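One structure below.
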Amino acid sequence: MFIRQKMMIQTAAAGLLLGASALAAQAQDTVKIGLIVPMTGGQASTGKQIDNAVKLYMQQHGDTVAGKKIEVILKDDAAVPDNTKRLAQELIVNDKVNIIAGFGVTPAAFAAAPLATQAKVPEVVMAAGTSVITEKSPYIVRTSFTLGQSSTIIGDWAVKNGIKKVATLTSDYAPGHDALKFFKEHFTAGGGQIVEEVKVPLANPDFAPFLQRMKDAKPDAMFVFVPAGQGGNFMKQYAERGLDKSGIKVIGPGDVMDDDLLNGMGDSALGAVTAHIYSAAHPSQVNKDFVTAYKKAYNQRPGFMAVGGYDGIHLIYEALKKTGGKADGDSLIAAMKGMAWESPRGPISIDPETRDIVQNVYIRKVEKKDGELYNVEFETFKDVKDPGKTKK
Ligand code: PHB
């Protein structure tokens with residue numbers, strides 16, 4: 001009796017051990033990505049675009065790379081940084097993810113940065129656009145953009161194109177402050193004048209009272225930064241207040257003319273000139289294929305947030321290929337530095353010194369093509385680095 005019991009215990013223990021080692025082997029064969037994005041709340045369109053694009057990429061390229069199975073764990077932070085922090089912590093500690101990715105707004109990217117540093121886990125920023133983000137952790141790499149990249153260029157363009165007086169309307173948080181600062185620097189250096197400056201809250205902004213002030217200031221154009229997802233509402237109120245009729249054109253970084261909303265904005269958007277990193281009308285074969293596949297899968301046009309997600313997952317796949325499947329943070333970050341490829345937006349690379357994205361910035365004008373509104377690119381600035389990095 002006693003011997004039989006002992007044997008049973010031994011067998012059970014061996015079974016447990018076997019189970020544990022099988023689990024460990026499985027864990028080693030899987031690379032886990034914690035994708036933290038806003039799927040609800042005011043920034044939900046950003047999360048949905050990124051989630052869509054990551055899924056599309058994985059359908060196109062398979063879910064195995066360098067012998068590792070890729071597992072994406074999607075979490076909704078509703079763009080609330082306290083949620084982001086808690087979710088990143090849970091993903092790192094409990095789920096043992098190898099990479100965290102997403103980050104629909106700057107405060108979310110900031111909130112996760114100390115955790116990325118502590119755990120030595122790469123943080124792939126696919127959406128947020130404040131310059132300083134990549135300086136918050138040596139484990140951050142960005143595949144989105146910075147507001148400085150586009151706002152400097154539209155500032156110079158405005159001066160060269162006879163715009164003398166500008167009223168500004170920017171979302172009152174970090175990327176809005178960057179957009180305003182870089183635009184102002186370039187526009188005023190060229191002799192332009194800022195005649196009115198308003199900042200609107202990030203959450204549920206009512207633009208109407210601000211728009212009246214813009215109209216009264218009688219500028220040649222208004223410089224607008226609102227984050228992805230808010231452009232439709234902004235342009236509706238712009239038309240309702242008659243700003244289109246009074247000839248005050250919209251200029252700015254391209255966030256306000258996001259492709260996923262543009263078609264619903266109506267003719268008041270026609271003629272808006274923005275500088276940006278992506279247009280669904282970008283005339284390359286890679287982009288045509290991307291837009292066709294995205295539309296087929298989701299029955300809508302991809303915007304620039306979708307492209308940030310698509311490039312972010314591509315960067316992770318290529319880094320894993322380069323490390324031969326090694327998924328520790330230091331190996332992955334080393335592999336990501338300097339990587340270059342052709343994105344749907346055009347040629348891009350990761351600056352090996354700053355881990356930030358280097359990309360073309362295009363000046364575009366909203367035009368109607370085949371009954372639909374598009375940002376039609378007409379001038380290209382090649383390989384633009386983030387102008388906000390402290391020079392070393
Ligand atoms: C940001 O929070 O950094 C952000 C979000 C949406 C944008 C641009 C920047 O369109």
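Quantities reported herein were computed from a predicted structural model and do not represent experimental measurements. Whatever order the structure lists them in is the order used to number ligands and atoms, beginning at 1.
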Which ligand 1 atoms, with their elements, are less than 4.0 angstrom from a heavy-atom of Pro227?
5 (C), 6 (C), 7 (C), 10 (O)
Geometric N/O contact Ala228 with ligand 1, under 3.5 angstrom
yes
Would you confirm whether the ring centroid of Tyr57 sits within less than 6.0 angstrom of the ring centroid of Tyr317?
yes
What are the atoms of ligand 1, with element, lying closer than 4.0 Å to any heavy atom of Phe145?
8 (C)
Distance-only side-chain donor-acceptor flag, Thr40 / Asp76, under 3.5 Å
yes
Might you work through the salt bridge (charged side-chain N to carboxylate O under 4.0 Å, His left out) test for Asp267 and Lys368, ending with a clear yes or no?
CA-CA 9 Å; Asp267 287 356; Lys368 210 174 239 176; 3.0 Å; yes
Checking contacts here: is it the side chain or the backbone of Phe110 that comes within 4.0 Å of ligand 1, counting heavy atoms only? Could be both or neither.
neither
Quick one: which ligand 1 atoms are inside 4.0 Å of a heavy atom on Gly129?
1 (C), 3 (O), 9 (C)
Between Asp255 and ligand 1, find which residue part has any heavy-atom pair under 4.0 Å and reply side chain, backbone, both or neither.
side chain
Does any N/O atom on Gln43 come nearer than 3.5 Å to any N/O atom on ligand 1?
no
Any Gly104 heavy atom less than 4.0 Å from ligand 1
yes
So which heavy atom in the protein is nearest atom 3 (O) of ligand 1, and how far is it from that ligand atom?
Thr106 OG1, 2.5 Å
Counting from 1, what ligand 1 atoms have a heavy atom of Val105 closer than 4.0 Å?
1 (C), 2 (O)
Give me the ring orientation class for Tyr310 and His61: parallel if the planes are under 30° apart, tilted from 30 to 60°, perpendicular past 60°.
perpendicular
Under 3.5 Å, is there a donor-acceptor pair linking the side chains of His177 and Asp172?
yes
Classify the angle between the aromatic ring planes of Phe187 and Phe183 as parallel (below 30°), tilted (30 to 60°) or perpendicular (above 60°).
parallel
Residues Ser268 and Asp244: side-chain donor-acceptor under 3.5 angstrom:
no
Any donor-acceptor pair under 3.5 Å from Ser246 side chain to Leu243 backbone:
yes
Determine whether the aromatic ring centres of His282 and Tyr362 lie less than 6.0 Å apart.
yes
Pull out every atom of ligand 1 sitting under 4.0 Å from any heavy atom of Tyr173, numbered as shown with elements.
1 (C), 2 (O), 4 (C), 5 (C)
Look at ligand 1 and say whether Met305 reaches it with a heavy atom at a distance under 4.0 Å.
yes
Using a 4.0 Å heavy-atom threshold (strictly under), name the region of Phe304 that reaches ligand 1: side chain, backbone, both or neither.
side chain
Find all atoms of ligand 1 within a distance of less than 4.0 Å from any non-hydrogen atom belonging to Ala128, and give their numbers and elements.
1 (C), 3 (O)
